[in-house]
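The structure under discussion appears below in the form of structure tokens.
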2 protein chains.
Amino acid sequence: MTTGPEVPANRTATLTDVAKLAGVSIATASKAINGRGEVRATTRVRVLEAAELLSFAPNALARGLLSGRTGTVGLLTSDLEGRFSIPILMGVEDAFGAGQVSVFLCDARGDAIREKHHVRALLSRRVDGLIVVGSRTDPRPPLAGNIPVPVVYVYAPSANPDDISITVDNVGGGQLAIEHLLSCGRRNIAHITGEAGFQAARDRADGAAAALAAAGLRMIGHRPYFGSWDESWGRAAAHMVVEQHPEVDAIFCGSDQIARGVLETLRDLGRDVPGSTSVIGFDNWDAVAAHSRPRLTSIDMNLKRLGAVAGQRLFAAIDSATAPSSEEFPGRIVIRESTVPIG
Amino acid sequence: MTTGPEVPANRTATLTDVAKLAGVSIATASKAINGRGEVRATTRVRVLEAAELLSFAPNALARGLLSGRTGTVGLLTSDLEGRFSIPILMGVEDAFGAGQVSVFLCDARGDAIREKHHVRALLSRRVDGLIVVGSRTDPRPPLAGNIPVPVVYVYAPSANPDDISITVDNVGGGQLAIEHLLSCGRRNIAHITGEAGFQAARDRADGAAAALAAAGLRMIGHRPYFGSWDESWGRAAAHMVVEQHPEVDAIFCGSDQIARGVLETLRDLGRDVPGSTSVIGFDNWDAVAAHSRPRLTSIDMNLKRLGAVAGQRLFAAIDSATAPSSEEFPGRIVIRESTVPIG
DNA sequence: GACGTCGCTGAAAAGGTTTGCAGGCGTACT
DNA sequence: AGTACGCCTGCAAACCTTTTCAGCGACGTC
């Protein structure tokens, strides 16, 4: 009937089909394909040809059922819309080689019920481990219930110190930003940032304050300008800062979007950036930071690396029970044209 | 030893454990849990209590091995960085209820080799179907090899008309934009867009030209200004347009980023937006469109809906063989402050 | 030429769930 | 009270792969 020899109709080929076609037992076929045991070279070739011909792919379900390892990992995120999850997700994917481990992606949308559903489904699918990505850096409640597989929390740490958490050093990020501005000779530095309810905003502000204090300085207005994370707050706050403190010569912004707003207002007010006022953003969101005029210096949180580390830690924890740990990773500064030494 | 009764140590509970605890056979336990067969109410309760106590979750591997259905779907994307995949991905997740179907996410990064690896891994995991998301709207080569499960192509259609493809109506999007500008009384309309190598750019331009022709008009310069998709091209092109055709009273931009650049240049040149020149973008990328000054009217491609439809089509194709189809979905206009009736 | 050893192959079990089929017991009706 | 029917329960097979163990054949050596 069909051209191919013994190609099963509507069914994917099984090891039995391959063995039959190669004229060996399924045990020999398995060994030939996996390189296990001693199989004569000619036999192996025959089996591999048969497998190729039938486009045989070993059934990972059966394999997992037997070995107890599925080679799958669940990734639980809270905000796919947000731009934090994606780089982390890519880092995780990189950590496991392509095709070695497959990632189940679930978006809980910040809903605890939905999260529970997803966890249940993932455990039922016998994932080897879980990665939980938060949408903000505030500690989050650990997964409820007895989770029989390792869990790694990324970006948002678990509130339980017995868990494994990987986070960004936001305090250090704030310091980085200020130190760069100081190295540019700036002394009158303001800080415009997002909602004070966010740990990230407070941490960055604390880092900034600490770096300034180390240089014997205080930030303009003696406190950060907390507001929201978007451009309009950047525009509004920049107006306030310039009006109240015209001596300002640098503004550290809590997000690139805020920085965009700040840039726009400074431009409106006729203040030269970076000459008279340098501006630095946070997140290094390429679409926003790399296309402004002038292009924005920004703190990059290395989220992709964060995800890769999470993948590695999870991998280690799967292989052998690992001690709880809480790691914080520094960001790095990406210098563009919005900051420049005074002169 | 432990407080819980017979809770297995480092092993997840199996149906045998539940049955033993409830004092029934595994068959009865299975039927009680799945509501199959006739089981006495009291027995069922006893089994369910035992399952709850052991936090039993049926092994989806074993179930899938037997039934041939895994309740998993592979989602193959080419650009996670890009902002097209994510809304589509969310739509797909929505289409399958939470916990019903789990999604394997794979990013091929535009690499055919990597894509082949991922497909192989997914088929080996016995996914019930595949969704392929493109990064641009140009038709893409269909997946190579014999794929024994249904495949749905989203955003980028398959080059093979025998496949199932779900795409955006870019021509219609271009028309929408122009019709809105015409309804605002604009007559001297320019079109600044991305690379001519992109089908999306050409389609939107064609739609724009058609809508203008229907009104007896031609676009300013008699052709679109093709360039790149970013702000700097928007700035540069806007300079050219205004210089060469000062009579321009509206600009239709191929992306929100281009529109941002256009807005900035118009502002620099002292042209009032939306009064003297209206501007409309494309993509309705919230972070970009909703925070500019003025906020940007834009064409939204309804990507989330696109993903949801893809999920539904895949679901239907899994349940029963479906005829090939190629569907195109219209976008919608989101009106903000950058467009306004003349006068 | 015979025996031993090594190299190769195959039979069988395990992993957890679902389901068809058969059997057992209880109840109701005659 | 007996029989029949129906409700409920349990045994066993099947899904597909991996791995252990045993067996067979061939070759080499004595």
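Just so we're on the same page: letters track the sequence lines, and every chain starts at 1.
Within 6.0 Å of atom CG in B:N146, 12 or fewer heavy atoms from other residues, nucleotides or ligands are found, so the atom counts as exposed in its surroundings. Counting non-hydrogen atoms of neighbouring residues, nucleotides and ligands closer than 6.0 angstrom, the CZ atom of A:R120 reaches no more than 12 such neighbours. With a 6.0 Å radius and a threshold of 12 heavy atoms from other residues, nucleotides or ligands, A:F315 has its CZ atom at or below the threshold.
In this structure, A:E38 atom CD and D:dT20 atom P are separated by 14 Å, rounded to whole Å. Rounded to whole angstrom, the span from the CG atom of B:L61 across to the C1' atom of C:dT18 amounts to 15 Å. Distance B:K20 NZ to D:dT9 P: 19 Å, rounded to the nearest Å. Rounding to whole angstrom units, CG of residue A:L123 and C1' of C:dG16 are separated by 16 Å. The nearest whole Å value for the distance from the CZ atom in B:R36 to the C1' atom in D:dT9 is 18 Å. Put simply, CZ on A:F56 is 7 Å from P on D:dT18, counting in whole angstrom units. The distance between atom CG of A:N34 and atom C1' of D:dT20, rounded to the nearest whole Å, is 15 Å.
Under the 3.5 Å distance criterion, with hydrogens and angles disregarded, a donor-acceptor pair is assigned to the side chains of A:S85 and A:T77. For the residue pair B:T72/B:D128, the side-chain donor-acceptor check at 3.5 Å is not satisfied.
We find that A:R109 and B:D94 are joined by a salt bridge, their nearest charged nitrogen and carboxylate oxygen being less than 4.0 Å apart. Salt bridge annotation for B:R69-B:D319: present, with a cationic side-chain nitrogen under 4.0 angstrom from a carboxylate oxygen. A salt bridge between B:R313 and B:E327 is present, with a side-chain N of the basic residue lying under 4.0 Å from a carboxylate O of the acidic one.
The side chain of B:T43 lies closest to D:dT9, out of C:dT18, C:dG16, D:dT9.
In this structure, A:R63 reaches the D:dT18 phosphate: one of its side-chain N or O atoms is under 4.0 Å from OP1 or OP2. At C:dT18, one or more side-chain N or O atoms of B:S30 fall inside 4.0 Å of OP1 or OP2 (strictly under the cut-off). B:N59 has no side-chain polar atom (N or O) that falls below the 4.0 Å cut-off from OP1 or OP2 of C:dG15. Proximity of B:T14 to the phosphate of C:dT17: a side-chain N or O atom is located under 4.0 Å from OP1 or OP2. The shortest distance between the side-chain N/O atoms of B:S67 and the OP1/OP2 oxygens of C:dT18 is not below 4.0 Å.
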Represent DNA chain C in dot-bracket notation, 5' to 3'. Only Watson-Crick or G-U wobble pairs with both distances under 3.5 Å count; pseudoknot-style crossings use [ ] and interstrand partners use |. ||||||||||||||||||||||||||||||

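Checking B:L65 against B:R40, the closest nucleotide of DNA chain D that is more toward the 5' end is the one next to B:R40.
Of all heavy-atom pairs between B:D79 and B:G134, the closest is OD1-O, 4.4 Å.
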List, with names and distances, any nitrogen or oxygen atoms from the protein found under 3.5 Å away from nitrogen or oxygen atoms belonging to nucleotides 10-13 of chain C.
unit_1 : atom_1 : unit_2 : atom_2 : d
C:dG10 : OP2    : A:S25  : N      : 2.8
C:dG10 : OP2    : A:S25  : OG     : 3.4
C:dG10 : OP2    : A:T28  : OG1    : 3.3
C:dG10 : O6     : A:K31  : NZ     : 2.7

